[in-house]
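Please read the structure below before turning to the comments.
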Amino acid sequence: MTARDNDRSTNGEVAGPPPGGRVTVESAGRSPTDAAPVTKGDVSAGTVTAKADGCDVAVSVTGLRKRFGDGTAAVTAVDDVSFEIETGSIVGLLGPNGAGKTTLIKSILGMVLPDAGAVRIRGIDVYDRPREAYASVDAMLEGARNDYWRLTVRENLRYFATISGVDPDSVSDRHDRLLTQLGLEAKADVPVRELSRGMKQKVSLASVLAGGAAVVFLDEPTLGLDIESSRTLQRELRRLVEEEDLTVILSSHDMDVVETVCDRVLIMSDGAVVADDTVAALLDGTDRHRVQIASRDLDAAIVSRLEGRFDAIHVEPRDRGNLIEVTTDSDGLYELLDTLRAADVTLERVRTIEPDLEDVFVDLTTVERRGR
């Protein structure tokens, strides 16, 4: 595994490499027991592949815990997290800032030493046999300089394929396809330092995929991309998953990306997983409703009364009256309509808005924080 990251940290976090470099698994502070490194894609015949519900398991996390600091200042970043990710799927990892997403990812990758728990990649314990476990893993982390900026785009792909244990000539067709699919073909021989931020982000993604990794961790992969580039990235990820059985763990604040490409979503809050399900199931399971109401009768007094009863309300002033948008549950929706009827408000326009993943996310993380 060669995860790229430049951050320098303490409290059990492994320091990163120079700009453009990658962290090797040995830097995690555990001694590998395997006698020799295993090149990417060359897993020994004796390897046990984990299965769950009849599906191959690419990543298995059990009881993972990580605490930073001591005494009253201590912070539990990851709190007894367990889950499994099936081979050939894209799983989204969501959570507000400080929820523990980055610590969780770095703990899985061996860049942070967890206090307890186990991690297995394709059935292999990452602490007992790190070289073998990480042989087919790669990662792109937010905040890192993920490529060598003095090298050209194509040189970066060849370099990162090489250090992944792959002959770059054997995957030249893959590189050409990545350059084409990600809109980098015209920039293939241009040094990365001369590219825009969005282009650099696409080069980082192409470099991660250059060696044919089977399990890929992507932290904010669409950051800095325009709408069309983001859509191209989403299409390419889905294609790779479907055609090459790639497994992707994707952490992002872009709910549209997660809702579009992910088969399943893990939502974290305060270090714990508070939801783990498909996007469809999460959307079906919410009792939150958003309704927009416009009326000339919605004067300041009525709006003030509604603001006192409903937490999630947005008011848009109009030339005459107001337009309000209220987010509430079923009981609250009936209360809203009863309140407007009692105030003799004539409804000029009513529009219901189907909840999206962002609504579910805000609801789950807000409820979780209030309960702690």
Using a strict threshold of under 4.0 Å (side-chain N to carboxylate O), is an ion pair present between R238 and E244? no

Applying side-chain contact (heavy atoms from CB on, under 4.5 Å), name anything that partners D254, two or more places apart in sequence or on another chain. T222, S252, D256, V257

A side-chain contact here means heavy atoms from C-beta on lying under 4.5 Å apart; do L340 and L306 qualify? yes

Carboxylate-amine/guanidinium contact R120 D128, below 4.0 Å: no

Taking side-chain contact (heavy atoms from CB on, under 4.5 Å) as the definition, give me every residue that meets it alongside Y334, ordered by chain and number, with sequence neighbours left out. none

Dump the intermediate steps for side chain to side chain contact (heavy atoms under 4.5 Å, CB included) on Q234 and R239, then the final yes or no. CA-CA 9 Å; Q234 294 171 50; R239 187 193 67 77; over 6 Å; no

Could you pull out all donor-acceptor pairs under 3.5 Å where a side-chain atom in residues 107-118 meets a protein atom, sequence neighbours excluded?
| residue | atom | partner | partner atom | Å |
| --- | --- | --- | --- | --- |
| S107 | OG | T103 | O | 2.8 |
| D115 | OD2 | R67 | N | 2.7 |

So do V153 and D189 actually touch side chain to side chain, heavy atoms under 4.5 Å? no

Any donor-acceptor pair under 3.5 Å from T162 side chain to R158 backbone: yes

What I'd like to find out is whether the side chain of D219 reaches to under 4.5 Å of the side chain of T102, using heavy atoms alone. yes

Go through the steps to decide whether T87 and D245 satisfy the test side chain to side chain contact (heavy atoms under 4.5 Å, CB included), and finish with yes or no. CA-CA 7 Å; T87 298; D245 231 15; 3.7 Å; yes

Mind checking whether V75 and V81 sit in one hydrophobic cluster, side chains of I, L, V, M, F, W, Y counted as touching below 4.5 Å? no

Does any non-hydrogen side-chain atom of D329 lie less than 4.5 Å from one of L333? no

Go through the side-chain N and O atoms of R65 and T76 and say whether any donor and acceptor fall under 3.5 Å apart. no

From T327 OG1 over to Q292 CD, what is the distance, rounded to the nearest 0.5 angstrom? 9.5 Å

Checking E307 against V315 for the side chain to side chain contact (heavy atoms under 4.5 Å, CB included) test, could you report, in this order, the C-alpha distance in whole Å, the side-chain angles of both residues, the deciding distance, and whether it holds? CA-CA 9 Å; E307 288 177 331; V315 182; 3.7 Å; yes

Find out whether L223 and Q201 are in side-chain contact, i.e. whether some heavy atom of one side chain is under 4.5 Å from a heavy atom of the other. yes

In terms of heavy-atom contacts, does CZ of R231 have more than 12 from other residues, nucleotides or ligands at under 6.0 Å? no

Before accepting this row, confirm whether a basic side-chain N of the pair E194/K200 lies closer than 4.0 Å to the acidic partner's carboxylate O. no

Distance-minimising heavy-atom pair for G92 and V258: CA-CG1, 4.4 Å

Considering residues at least two apart in sequence or located in another chain, which fulfil the side-chain contact (heavy atoms from CB on, under 4.5 Å) criterion with S170? V166, D167

Verify side chain to side chain donor-acceptor pair (under 3.5 Å) between E236 and T232, making sure each step is shown before the conclusion. CA-CA 6 Å; E236 182 65 6; T232 298; over 6 Å; no

Between V203 and L195, is a side chain to side chain contact (heavy atoms under 4.5 Å, CB included) present by the stated rule, with each step listed? CA-CA 9 Å; V203 175; L195 302 180; 3.8 Å; yes

Using atom types as modelled and distance alone, determine if a side-chain donor or acceptor of T278 lies under 3.5 Å from a backbone N or O of R264. no

Mind checking the CG-NZ spacing from L182 to K187? Nearest 0.5 Å is all I need. 15.0 Å

Provide the closest heavy-atom pair for D297 versus T346 in the form atom of the first, atom of the second, distance. OD2-N, 2.8 Å

Please report the interatomic distance CD1(I124) to CD(E132), rounded to the nearest 0.5 Å. 4.0 Å

For E86 and T247, the nearest pair of non-hydrogen atoms, with its separation, is O-CG2, 3.7 Å

Any Lys/Arg nitrogen of R122 or D56 sitting under 4.0 Å from an Asp/Glu carboxylate oxygen of the other? no

For D338, what residues pass the side-chain hydrogen bond (donor to acceptor under 3.5 Å, both in side chains) criterion, not counting sequence neighbours? R341

Check the angle between the aromatic planes of Y148 and Y159 and answer parallel, tilted or perpendicular using the 30° and 60° thresholds. perpendicular

How far apart are the closest heavy atoms of S164 and D138, and which atoms are they? OG-OD2, 4.2 Å

N/O donor-acceptor pair under 3.5 Å between R290 side chain and V326 backbone: no

Show, in sequence, the C-alpha distance, side-chain angles and deciding distance for R235 and E228, and conclude whether the salt bridge (charged side-chain N to carboxylate O under 4.0 Å, His left out) test is met. CA-CA 11 Å; R235 288 194 299 269; E228 185 56 39; 3.6 Å; yes

Minimum heavy-atom separation for V171 to A210, with atom names? CG2-O, 3.7 Å

Locate the shortest heavy-atom distance separating D147 from S204; write the atom from each residue and the value. OD2-OG, 2.7 Å

Taking the side chain as C-beta and beyond, is there a heavy-atom pair between V190 and T152 under 4.5 Å? no

I'd like to check L93 versus I105 (side-chain heavy atoms, cut-off strictly below 4.5 Å). Are they in contact? yes

Measure the OG-CD distance between S207 and E155 for me, rounded to the nearest 0.5 Å. 11.5 Å

Going from CD1 on I267 to CG on L94, what distance comes out if it is rounded to the nearest 0.5 angstrom? 5.5 Å

Mind checking side-chain contact (heavy atoms from CB on, under 4.5 Å) for E335 and listing every partner two or more places apart, or none if nothing turns up? R309, F310, T339

For R150, look at atom CZ and say whether over 12 heavy atoms of other residues, nucleotides or ligands are found less than 6.0 Å away. no

Side chain to side chain contact (heavy atoms under 4.5 Å, CB included) with L218: of V248, L141, I90, only one passes, and it is V248

Approximate separation, where rounding is to 0.5 Å, of I293 CD1 and L347 CG: 5.5 Å

Within a strict 4.5 Å, meaning less than it, do heavy atoms of the M268 and L104 side chains meet? yes

Short side-chain to backbone donor-acceptor contact, E325 and V291, under 3.5 Å: no

Examine distances only and state if a side-chain atom of R174 and a backbone atom of L209 form a donor-acceptor pair shorter than 3.5 Å. yes

According to a hydrophobic-cluster definition based on side-chain heavy atoms being under 4.5 Å apart (Ile, Leu, Val, Met, Phe, Trp, Tyr only), do I313 and L323 belong together? no

I'd like to know if the side chain of T180 reaches the main chain of D176, judged simply by a donor and an acceptor atom lying under 3.5 Å from each other, with no hydrogens or angles considered. yes

